[in-house]
Structure formats: structure tokens, C-alpha cells
Engineer: 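Quick one: the structure is below, and I'll ask about it shortly.
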2 protein chains.
Amino acid sequence: MARRRGGGNRPVRMKDVAKDLNVSVVTVSKVLRKHPDISPATRKRVLKRIKELDYQPNWIARSLVTRRTYIIGLVVPDLMHSFFAEIAKAIAQKVRPKGYIVVIANSDEDPKSERQEIELLLARRVDGMIVASAQPPGQTGIFKRIRGREMPFVLIDRLFPTLDVSYVGVSDEAIGEMATEHLIERGCQWIAHIRGHQITTGIGRLKGYRSALERHALKVPDRYVVKGGYGDTTGYDTMKKLLRVKPRPDGVVCYNDPVAAGAIKAIVEAGLDIPSDIAVIGAGNVRYSDLLRIPLSTVDQSSGLIGEQSAELLLELIESKRRPCPQKILLSPKLIVRDSSKRDGF
Amino acid sequence: MARRRGGGNRPVRMKDVAKDLNVSVVTVSKVLRKHPDISPATRKRVLKRIKELDYQPNWIARSLVTRRTYIIGLVVPDLMHSFFAEIAKAIAQKVRPKGYIVVIANSDEDPKSERQEIELLLARRVDGMIVASAQPPGQTGIFKRIRGREMPFVLIDRLFPTLDVSYVGVSDEAIGEMATEHLIERGCQWIAHIRGHQITTGIGRLKGYRSALERHALKVPDRYVVKGGYGDTTGYDTMKKLLRVKPRPDGVVCYNDPVAAGAIKAIVEAGLDIPSDIAVIGAGNVRYSDLLRIPLSTVDQSSGLIGEQSAELLLELIESKRRPCPQKILLSPKLIVRDSSKRDGF
DNA sequence: GGCTATTGAGTTAGCGTTAACTTTAAGGAT
DNA sequence: ATCCTTAAAGTTAACGCTAACTCAATAGCC
């Protein structure tokens with residue numbers, strides 16, 4: 001009994017292509033998959049008919065059989081941060097030629113919401129995932145769950161050292177060190193640090209900040225290190241607090257560029273000059289960083305490269321039969337000096 | 001004959017849940033779909049077993065039967081423009097509770113690449129699409145194709161007036177008018193305009209710019225209107241050209257904020273003061289706009305609202321049996337005055 | 001008590017494709 | 001002529017799920 005829902009003209013199926021050609025569905029399927037079975041003559045006939053009917057293979061049906069969705073999940077903490085937007089773009093560009101599409105999930109820096117997003121992607125049976133995680137350092141449960149499902153995945157930006165998984169990012173310690181080192185060279189003595197939350201990147205950069213100070217035998221009390229968030233508003237608020245610390249800081253290493261942008265606003269509003277009173281440096285080399293009130297010195301994390309490399313790694317994990325060993329790729333940060341730190345050294 | 005590929009422990013299926021419970025697969029399916037057939041007792045037993053086995057329904061198989069993918073395609077010209085990133089975020093947030101995921105495709109402002117992305121989404125049989133199109137005004141072929149496929153879709157940001165489709169955005173003419181009007185009020189006489197390319201938004205804003213000038217009986221020669229691109233670099237270059245126009249413009253209406261940011265850079269580099277020498281206004285109220293070198297006046301396009309509304313519209317199109325009529329929603333722009341235009345009027 | 005609803009299941013038949021196997025016909029070697 | 005190989009198809013049975021239908025048992029009614 002023909003059972004046909006909805007009145008509309010349904011999409012063309014292989015069956016339709018095969019019918020007037022007097023070939024079987026399998027023949028059409030084989031043509032599409034470039035199976036060597038088919039003779040050039042038949043292939044040509046089939047291809048012609050496919051074009052005539054504007055046939056497009058049904059990915060869903062195909063997925064059901066092959067167990068491949070050709071969907072890649074990307075989980076980021078904040079798509080509006082151009083750092084992640086650029087990564088997303090690079091990933092999509094990299095995987096597109098191979099037929100993959102990218103689903104982007106936002107966690108809003110919330111560990112729980114991130115876990116939900118990941119669960120959803122698991123349920124959707126994506127072929128692999130790339131995750132910039134907002135989980136606190138110890139919390140690796142969700143990653144173990146991903147691995148339990150035998151789902152290929154690559155972590156980016158935020159490293160979980162105890163976990164043996166593929167990773168692409170820059171060394172956060174190097175970032176913190178490079179930024180701090182730069183301010184020291186520029187003659188800053190009382191260098192403050194607006195740090196991120198308890199996630200790995202925040203800790204790494206703090207560590208780098210400390211080790212740079214130590215190497216130069218600079219003693220800076222703990223009150224110069226304050227917790228900020230990830231955005232400009234928190235950067236603004238935190239900087240205001242820092243301005244009351246005595247002696248006043250003459251340099252600030254910010255967790256990232258948005259925070260730095262907020263900090264700059266606070267400093268300018270206080271009537272102070274950047275960089276002569278206070279030098280500022282951020283991280284991430286966010287778009288517009290050089291268009292800010294005071295062009296912002298920053299440490300570049302080469303987001304495009306992170307996207308590309310992670311996509312490459314993931315594709316390898318997905319497409320190779322024998323799962324390759326997890327690989328950790330550490331890219332090196334790059335110092336970009338703009339006005340916000342351009343002051344004479346000693 | 002059992003035919004089982006790959007050694008691994010395959011995901012749990014309905015069959016597995018049903019087996020030791022002595023119920024049929026359909027019963028399990030009905031429980032999951034909240035079908036009223038099932039008694040509370042059976043439902044409970046099934047739910048318990050589902051949890052025990054950590055069963056997750058297979059979306060692919062479900063899609064094949066229901067002809068619904070619960071995937072929504074979003075096509076934007078540039079994900080790195082925070083205007084679009086915010087829209088993307090808002091859309092994802094809106095549709096997530098209903099079980100949809102969002103696939104983001106970047107067209108890079110290239111009409112051809114946009115068409116390819118749309119074709120891909122069609123082939124993937126997404127449930128609906130939201131498109132901020134980069135097609136030139138006349139080119140509506142691709143939209144007709146989408147409609148031919150009976151695929152629900154909503155245009156955003158860029159309107160194609162000749163097309164009878166759903167749309168959400170702000171009136172570009174209103175944007176251009178509001179921005180220009182503002183500069184006139186602030187006493188600018190020689191107001192230049194850096195316009196976008198030949199896409200609808202560019203034309204609309206130009207029109208608004210012209211009608212505002214007209215209403216105030218201001219005669220501004222055509223050489224004050226120059227074509228820019230969409231980004232800061234082109235804004236920078238174009239502004240440099242504008243600075244050589246005599247008499248020098250004392251106000252610039254920029255196509256969008258990135259262009260304005262570039263223009264600001266050029267003006268400042270030329271040793272001129274903003275806003276006393278030249279007032280600048282952009283459009284889009286991009287993140288960081290108030291953190292720019294000179295905090296940028298702008299016309300807000302309420303990107304979040306665009307995302308929300310378009311998602312709502314699309315869901316209606318998808319979920320209602322009888323396709324509702326195309327609806328055009330025009331949001332009103334909002335003037336945001338910051339330093340770049342804060343000068344005394346006449 | 002016989003007849004008709006109602007409840008709570010189960011049966012059957014796909015959805016559109018592919019993997020694995022089978023078939024047919026032609027060609028070549030012996 | 002017989003056997004074996006190969007090329008070029010076709011057949012069959014899933015993939016995991018749901019829609020539509022069927023069925024049995026209980027309940028309700030006069």
C-alpha cells in the first residue's frame with residue numbers, strides 16, 4: 001500500500017533515477033560512490049539522468065547505513081569573542097572540502113551548559129568534536145565520557161594536562177611570561193595582573209607572569225593579582241579596583257584583550273596616561289585591538305592556525321582506521337607591540 | 001545472518017532496551033515520544049531501563065522516518081563581524097530548547113560561495129534556513145531555488161524587496177537617515193558617506209543619507225560619497241581618499257562600525273581631531289565600539305533581537321502545518337551617541 | 001449476557017541508502 | 001568443448017526508527 005504523507009512533490013530518490021533507465025538502484029548508488037563496477041557508458045547515462053532530475057543523495061539515509069554524519073561539533077565558550085569566531089571560521093574552511101559541516105555550540109563559559117551541549121552533540125552522533133572547554137581544571141568527566149563513546153575529539157586553547165587527548169593551542173605560560181617580560185623591559189616595576197577564572201588558561205598565564213617577575217627578581221605583592229572575568233565590563237571594574245592599590249601599578253598584564261580594553265577605559269577615565277603612567281598588554285590579538293582607544297599591545301595566539309591544525313588533527317582521527325595516538329601541538333605565541341606599552345625602558 | 005561491522009561496542013538501540021523488558025520496540029519508541037498509549041507502569045519500567053543502559057535515541061534513523069533533521073542552517077557573510085556572531089548566538093539560544101542545532105556557513109561576502117553553501121544545506125536537508133545574503137540586489141535565483149524545494153527560510157539584515165519572503169531586519173534607509181540627521185544636528189555641513197558595496201543594505205543607507213541631506217536642504221556633491229568595503233582596512237583606505245576632498249568633510253557617515261573604526265584611524269593619523277574637525281558615525285553598535293580610539297557613535301541594529309525574531313519566524317514556518325504567509329519584520333534602529341560625534345551644534 | 005467503546009499493547013511495512021553477496025554473459029586458456 | 005576468470009551488473013538484507021494499522025482484554029451500557 002503506497003503510503004505518502006503531505007501533498008508536496010517529494011525530493012527525487014535513487015529509485016526515480018533508476019526507473020526509466022532500466023538499471024537497479026544499486027547501480028546508481030555505485031555511480032555516485034565511484035565504484036569501479038560500472039561501465040563508462042552506464043555511468044554516463046546515470047549521471048545524465050541525475051542532472052536532469054536534479055537528484056541529490058539523501059545524507060540521512062546514507063548516514064544511517066555508513067554510521068557517518070559528516071558533521072563536526074565545535075564547542076566554544078563565547079562565539080562573540082573574535083578569537084573563537086576566527087577559529088570557527090578556520091575549521092569550517094578546512095573541513096568543507098571533505099564534505100563536513102560544522103555545528104557550533106556556545107557554552108557561555110558555563111561548565112554545566114557545556115556538558116549539555118556536548119551531550120547533545122553525542123546524541124546527534126557527530127563524527128568528531130573540537131572543544132574549547134570551560135570545565136574547571138579537575139573536571140575531566142565529560143571528556144572521559146566522550147572517549148567512552150569512542151568519539152574522536154580534539155581540545156583547543158585550554159589544556160587539561162592530566163588528560164591524554166589531542167590538543168592544539170599556545171602555551172599559556174609562555175603567553176603570561178612574554179607579556180610580563182615585555183612590560184619589565186619597558187621599565188615597569190609594579191606590574192599588576194588581571195587574571196582569568198579558575199580555568200587552565202588563567203592559571204597558566206598567572207604562572208608565566210610569576211616566573212617572569214621572579215627571573216627579574218621583582219617582588220610584587222599578591223594584591224597586584226586580581227581576578228577578572230573574560231569581558232570588557234569585568235576588565236573595567238577590576239581595573240578600577242587596581243587603581244586604588246598603593247603604590248599604583250605602572251603596568252598591567254591582562255588575561256585577554258577584551259579585559260584589557262575594559263582596563264584601558266578605566267585608566268583613561270581616571271585621567272591617567274597610557275602608557276606613560278600605566279602600560280597595558282592583553283592577549284589574543286582580537287580584531288580591532290589596534291583600533292582601540294589606545295592601540296593595544298597584545299600576545300597573538302594565532303587563532304586561525306589553531307583552527308586549521310585542530311581540524312586537521314580531528315580529520316585524521318576520524319578518517320584513519322587505526323586511531324592515531326593523541327597528539328599535543330603547542331604553537332608559540334607572538335608579541336605584538338602597539339601604543340599601550342610603548343614607553344621608554346629604564 | 002548477523003552482520004556486524006567494526007569490533008567496537010556499538011551504541012545501545014531500542015531493541016536492546018526492549019529485549020529483557022519483554023516489550024516490543026514500538027513500546028519503547030512510544031514512551032520516548034510520550035505517546036498516550038503506554039500505561040504509567042510500563043512507561044516507568046522502560047524509562048528505568050533506558051537510564052540503566054544509557055540509551056540515546058538515534059537521530060539519524062528518526063530523521064529518515066520523520067523527514068525532519070532538527071538542523072537549522074544559518075548563512076552569514078562574515079562570522080567574525082560581531083554583528084553576525086551575536087545573531088548566530090541568539091538564534092542558537094532560541095532554537096535549542098526545541099531540540100534544533102544550528103549549522104553556520106560563512107559566505108565571506110561572496111555570492112557564489114554563498115550559493116554553494118546554500119546548496120550544501122539543501123542537500124543536507126536542514127529543516128530551515130536563515131540567510132543574511134551577499135547576493136547582489138537583482139540576483140534572487142538562489143532564493144527561488146530554496147522556495148522550489150519547499151524549504152522554510154527567513155532572510156535577515158539584507159532585504160530583497162522584489163521577493164515575497166519572510167524577513168527580519170532594520171530599515172537601512174532609517175539607519176542612513178538617522179545617522180546623517182544626527183551629524184546635521186551636530187552642525188556638520190559637509191557630510192561624507194562611505195558606502196557599502198552594491199548590496200541592498202548599502203543602497204538603503206545611501207538613500208537614507210541622501211534624503212536626510214535633502215530635507216535639510218544641504219547640497220553635498222557626489223564626490224563626498226565613496227565606495228568602501230565592509231572592513232576596517234577598506235574604511236581606512238577610503239577615509240584617506242576622503243581627506244583630500246575639498247572642502248574637507250566635517251562629518252562622515254560610515255556604512256558600519258568596522259569601516260568607521262578604520263576611518264577614525266585614518267583621521268587621527270592625519271593629525272585631525274574627532275569630533276571637532278570631523279565627526280564620525282557608524283552603524284551596527286559592534287562590540288568594543290565604545291572602546292575604540294575615540295568611542296564611536298553608532299546606530300544600533302539590535303542584532304540580538306534580529307536573531308531571536310528570525311528564529312521565531314522560522315520555527316513557525318517549520319512547525320505549522322499550513323505555511324503562514326511571509327512576514328516582514330522591520331525593527332527600528334536606535335541612535336547611540338558617543339564621543340566621535342559629540343560636538344556643539346550650530 | 002451480548003454488544004460496543006476504550007485501553008494498552010503488538011505487527012507490519014517502510015524511510016532511502018549501502019555492504020555483501022549472487023548472477024549473467026562474455027572472453028581466454030587449455 | 002570445458003573450465004576458469006573477469007566485468008558489469010542485480011538481489012537481498014540490513015541501518016534504527018516511526019506511522020498506521022491490528023489485536024486482545026477489560027470496561028461500560030442497556
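Below, chain A is the first sequence line, B the second, and so on; all start at residue 1. Every heavy atom of this structure was used, including side-chain atoms; hydrogens, water molecules and symmetry mates were not.
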Engineer: Between B/Tyr70 (OH) and D/dC17 (P), how many Å, whole number?
Structural biologist: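 So the two atoms are 16 Å apart, to the nearest Å.
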Engineer: Tell me which residues in residues 32-53 of chain B lie within less than 4.0 Å of DNA chain D, going by non-hydrogen atoms.
Structural biologist: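 Output list: B/Arg33.
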Engineer: When the distance from CG of B/Leu21 to P of C/dA9 is rounded to whole Å, what number comes out?
Structural biologist: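 After rounding, the reported distance stands at 11 Å.
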Engineer: What is the distance from CG of A/Asp16 to P of C/dC15, rounded to the nearest Å?
Structural biologist: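 Spelled out: CG on A/Asp16 to P on C/dC15 is 11 Å.
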Engineer: Expressed as a whole number of angstroms, how long is the span from A/Gln56:CD to C/dT17:P?
Structural biologist: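 The distance from CD of A/Gln56 to P of C/dT17 comes to 11 Å, rounded to the nearest Å.
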Engineer: Of all the choices, D/dG16, C/dT17, D/dG10, which nucleotide is nearest to the side chain of A/Val23 once you look at every atom?
Structural biologist: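 When the side chain of A/Val23 is considered, D/dG10 is the closest of D/dG16, C/dT17, D/dG10.
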Engineer: Tell me whether the count of non-hydrogen atoms from other residues, nucleotides or ligands lying under 6.0 Å of NZ in A/Lys328 goes above 12.
Structural biologist: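 Yes, the 6.0 Å shell around NZ holds more than 12 heavy atoms from other groups.
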Engineer: Starting the side chain at C-beta, find the nucleotide from D/dA19, C/dA20, C/dG16 nearest to A/Val26.
Structural biologist: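 Closest nucleotide to the A/Val26 side chain: C/dA20.
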Engineer: For the pair A/Glu109 and A/Arg158, find out whether any cationic side-chain nitrogen is under 4.0 Å from an anionic carboxylate oxygen.
Structural biologist: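 A/Arg158 and A/Glu109: salt-bridged.
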Engineer: Go through the structure and list residues passing side chain to side chain contact (heavy atoms under 4.5 Å, CB included) with A/Val25, not counting sequence neighbours.
Structural biologist: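 For A/Val25, the residues satisfying side chain to side chain contact (heavy atoms under 4.5 Å, CB included) (neighbours in sequence not counted) are A/Met14.
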Engineer: When you check the phosphate oxygens OP1 and OP2 of C/dT17, does a side-chain N or O of A/Tyr55 lie under 4.0 Å from one of them?
Structural biologist: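 So the side-chain polar atoms of A/Tyr55 do come within 4.0 Å of the phosphate oxygens OP1 or OP2 of C/dT17, strictly under.
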Engineer: Between B/Lys48 and B/Glu52, does any NZ, NE, NH1 or NH2 come within less than 4.0 Å of an OD or OE carboxylate oxygen?
Structural biologist: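 B/Lys48 and B/Glu52: salt-bridged.
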Engineer: Using a cut-off of 4.0 Å on non-hydrogen atoms, how would the nucleic acid contact of A/Asn22 be classed: base, sugar-phosphate, or nothing?
Structural biologist: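 Sugar-phosphate, backbone atoms only, no base.
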Engineer: How many Å lie between CH2 on A/Trp59 and P on C/dT18, as a whole number?
Structural biologist: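 In whole Å, C/dT18 P and A/Trp59 CH2 are 10 Å from each other.
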Engineer: Could you state the atom-to-atom distance from CZ of A/Arg62 to C1' of C/dC15 in whole Å?
Structural biologist: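 After rounding, the reported distance stands at 16 Å.
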Engineer: Please determine whether a side-chain nitrogen of the Lys or Arg among A/Glu312 and A/Lys98 lies less than 4.0 Å from a carboxylate oxygen of the Asp or Glu.
Structural biologist: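 Result for this pair is no, no salt bridge flagged.
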Engineer: Report the distance from atom NZ of A/Lys15 to atom C1' of C/dC15, rounded to the nearest whole Å.
Structural biologist: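 My rounded result for the distance is 10 Å.
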Engineer: Nearest to the side chain of B/Val65, heavy atoms from C-beta on, is which of C/dG10, D/dG16, C/dT17?
Structural biologist: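 For the B/Val65 side chain, the nearest candidate turns out to be D/dG16.
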Engineer: Considering only side-chain heavy atoms of B/Leu64, which listed nucleotide, C/dG10, D/dG16, C/dT18, is closest?
Structural biologist: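 Given the options C/dG10, D/dG16, C/dT18, the side chain of B/Leu64 is closest to D/dG16.
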Engineer: Could you go through the salt bridge (charged side-chain N to carboxylate O under 4.0 Å, His left out) check for B/Arg149 and A/Asp54 one step at a time?
Structural biologist: CA-CA 11 Å; B/Arg149 288 282 183 127; A/Asp54 188 27; 3.4 Å; yes
Engineer: Expressed as a whole number of angstroms, how long is the span from B/Arg67:CZ to D/dG16:P?
Structural biologist: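 Roughly 20 Å, once rounded to whole Å.
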Engineer: Assuming nearest nucleotide by heavy-atom distance, tell me which of B/Val25 and B/Ala61 is located more 5' along DNA chain C.
Structural biologist: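 Counting from the 5' end, the first nearest nucleotide belongs to B/Val25.
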Engineer: Of the listed nucleotides (C/dA9, C/dT18, D/dG16), which one gets closest to any side-chain atom of A/Thr66?
Structural biologist: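 The nucleotide sitting nearest to the side chain is C/dT18.
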Engineer: Of the options C/dA9, C/dT18, C/dG16, whose atoms approach the side-chain atoms of B/Lys30 most closely?
Structural biologist: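 Nearest listed nucleotide: C/dA9.
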Engineer: Between B/Arg49 and B/Asp16, is there a salt bridge with N-O shorter than 4.0 Å?
Structural biologist: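 The answer is no: the pair does not qualify as a salt bridge.
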